[in-house]
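Since the structure comes first, as structure tokens, the remarks are kept for the end.
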Amino acid sequence: MLRNVLVTIVTVFIMFSKIHAANSLESQIEKLLKSELNCEKVDVTILKTDKNYNSSEVSNFHLVGRNFEKAPIIIELTDGSSKIILCQIKAYSKVFFTKKTIYKGQKIDYDDLYHALVPIQSVPAGVIKDVENIVNKVANRTIGTGIAITSNMLDAHELVKKGQKVNIIIENKSIRISAKGELQNSATVGSYVKVLNYASKKVIMGKLVDHNTVVLDN
């Protein structure tokens, strides 16, 4: 009876050790692939291996190809040899989507966005993964609800809002005149805007050269 109990305990211990070793190795691979694939989350399941390698036996990994359903991974062992194991990989990137329609010329705020984890095979080309590279940018087209934000949807410059106080500059080779004014429409740096000249009370057109300056054409 005691013998059977001991055999059972030993068997359970060996099984637990193998499971723990495999999970530890999977965790190592997940950490490596998260960095290599530049993604938010990676789940790895080992499908085939000649033994349950302990993580301490492995010095490096190399992913072969991009067939994530059955991905060969070369593992370099600390004894100098290498083996191939077969894994299933599920990798996800954080993608930002619009909560509502964003209209052309509108500045995008945090409240306009939500994010979700998307399998990397389904991530659109040029998708922006850092929200800080989206907020305060201006849409160069109308973007419907639930659309993933990509770099070609945004202007590089931040929107300067209507009502911004600016310096109006008129200059030529011999003279430079400065006046105070106010933007009459929102615009990005480098575009032409309507500006109210406080002194003359007239609305004129000029080029917004920075956040605080409008230069009039000669």
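All residue numbers in this chain count up from 1 along the given sequence.
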Open item on the list: Is there a side-chain contact between Met205 and Val214 in this structure, where contact means two heavy atoms from C-beta onward sitting under 4.5 Å apart?
Closed with: no
- [ ] Flag the pair Lys180 / Asn167 as yes when at least one side-chain heavy-atom distance between them is below 4.5 Å, and no otherwise.
- [x] yes
- [ ] Taking the side chain as every heavy atom from C-beta outward, state whether Asp112 and Gln106 have any atom pair closer than 4.5 Å.
- [x] yes
- [ ] Can you run down the salt bridge (charged side-chain N to carboxylate O under 4.0 Å, His left out) pairs that involve residues 57-74, sequence neighbours left out, and say none if there aren't any?
- [x] Lys51-Glu57
Open item on the list: If hydrophobic residues (ILVMFWY) are linked whenever their side-chain heavy atoms come closer than 4.5 Å, directly or via other members, who joins Leu117 in its cluster?
Closed with: Tyr92
Open item on the list: Would you say that Val189 contacts His211 through its side chain, given a criterion of any heavy-atom pair below 4.5 Å between the two side chains?
Closed with: yes
Task: Thr98 side chain to Gly146 backbone, donor-acceptor under 3.5 Å - done: yes
- [ ] Could you tell me which non-hydrogen atom of Gly181 sits nearest to which non-hydrogen atom of Ile168, and how far apart they are?
- [x] CA-CD1, 3.8 Å
Task: Euclidean distance, Ile134 CD1 relative to Ile108 CD1, rounded to 0.5 Å - done: 7.0 Å
TODO: Measure the CD1-NZ distance between Ile143 and Lys100 for me, rounded to the nearest 0.5 Å.
DONE: 12.5 Å
Open item on the list: Under 4.5 Å between side-chain heavy atoms, counting indirect links through other Ile/Leu/Val/Met/Phe/Trp/Tyr residues: same cluster for Val123 and Ile89 or not?
Closed with: no
Open item on the list: According to ring-ring contact (aromatic ring centres under 6.0 Å, His included), does anything in residues 112-133 pair up with another residue at least two apart or in another chain? List the pairs.
Closed with: Phe96-His115, Phe97-Tyr114
- [ ] Could you pull out the closest heavy-atom pair between Leu216 and Gly206, with the gap in Å?
- [x] CD2-CA, 3.8 Å
Task: Fellow cluster residues of Ile74, listed by chain then number, with links counted only when side-chain atoms sit under 4.5 Å apart - done: Val64, Ile84
Task: Inter- and intrachain pairs under ring-ring contact (aromatic ring centres under 6.0 Å, His included), touching residues 61-90, at least two apart - done: none
Open item on the list: Could you check whether any side-chain heavy atom of Ser93 comes within less than 4.5 Å of a side-chain heavy atom of Val118, counting everything from C-beta outward?
Closed with: no
TODO: Output the rest of the hydrophobic cluster of Val209: all Ile, Leu, Val, Met, Phe, Trp and Tyr residues reachable through side-chain heavy-atom contacts under 4.5 Å, sorted by chain and number.
DONE: Ile169, Val215
Open item on the list: With a 4.5 Å cut-off on side-chain heavy-atom distances among I, L, V, M, F, W and Y, is there a chain of contacts connecting Ile29 to Ile120?
Closed with: yes
What pairs of donor and acceptor atoms, side-chain ones from residues 196-204 against any protein atom, are under 3.5 angstrom apart with sequence neighbours left out?
unit_1	atom_1	unit_2	atom_2	d
Asn197	OD1	Ala199	N	2.9
Asn197	OD1	Ser200	N	3.4
Tyr198	OH	Glu182	OE1	2.8
Ser200	OG	Lys202	N	3.3
Lys201	NZ	Tyr198	O	3.4

Open item on the list: Going by the rule side-chain contact (heavy atoms from CB on, under 4.5 Å), which residues pair with Thr150 if we only count those two or more places apart in sequence or in a different chain?
Closed with: Pro124, Val127, Asn152, Met153
Open item on the list: Are Glu36 and Leu33 packed together at the side-chain level, in the sense that at least one heavy-atom pair is separated by less than 4.5 angstrom?
Closed with: yes
Task: Crowding at NZ, Lys99 (>12 non-hydrogen neighbours, <6.0 Å) - done: yes
TODO: Go through the structure and list residues passing side chain to side chain donor-acceptor pair (under 3.5 Å) with Asp43, not counting sequence neighbours.
DONE: Lys41
Task: Set of residues satisfying salt bridge (charged side-chain N to carboxylate O under 4.0 Å, His left out) with respect to Lys31, sequence neighbours excluded - done: none
TODO: Give, for atom NZ of Lys94 and atom CD of Glu40, the distance between the pair rounded to the nearest 0.5 Å.
DONE: 4.5 Å
Task: Reported CG-to-CD1 distance for the pair Leu25 and Ile75, which is rounded to 0.5 angstrom - done: 6.0 Å
TODO: With rounding to the nearest 0.5 Å, note down the distance linking NZ in Lys137 to OG in Ser151.
DONE: 11.5 Å
TODO: Please list, chain by chain and in numerical order, all residues satisfying side-chain contact (heavy atoms from CB on, under 4.5 Å) with Ser56, sequence neighbours excluded.
DONE: Asn54
Open item on the list: Please check this pair: side chain of Asn60 against backbone of Glu76, looking for a donor-acceptor N/O pair closer than 3.5 Å.
Closed with: no
- [ ] Working to the nearest 0.5 Å, report the span between NZ of Lys90 and CD of Gln121.
- [x] 11.0 Å
Task: Cluster link Val42 to Leu86, ILVMFWY, side chain under 4.5 Å - done: no
Open item on the list: Quick test of your reading: applying salt bridge (charged side-chain N to carboxylate O under 4.0 Å, His left out), list the pairs with at least one residue in residues 126-135, sequence neighbours left out, ordered by first then second residue.
Closed with: none
Open item on the list: Within the structure provided, determine whether Leu154 and Ile128 are in side-chain contact (heavy-atom separation under 4.5 Å).
Closed with: yes
TODO: Looking only at non-hydrogen atoms, find the nearest pair between Lys161 and Ser186 and report the distance.
DONE: CA-OG, 3.5 Å
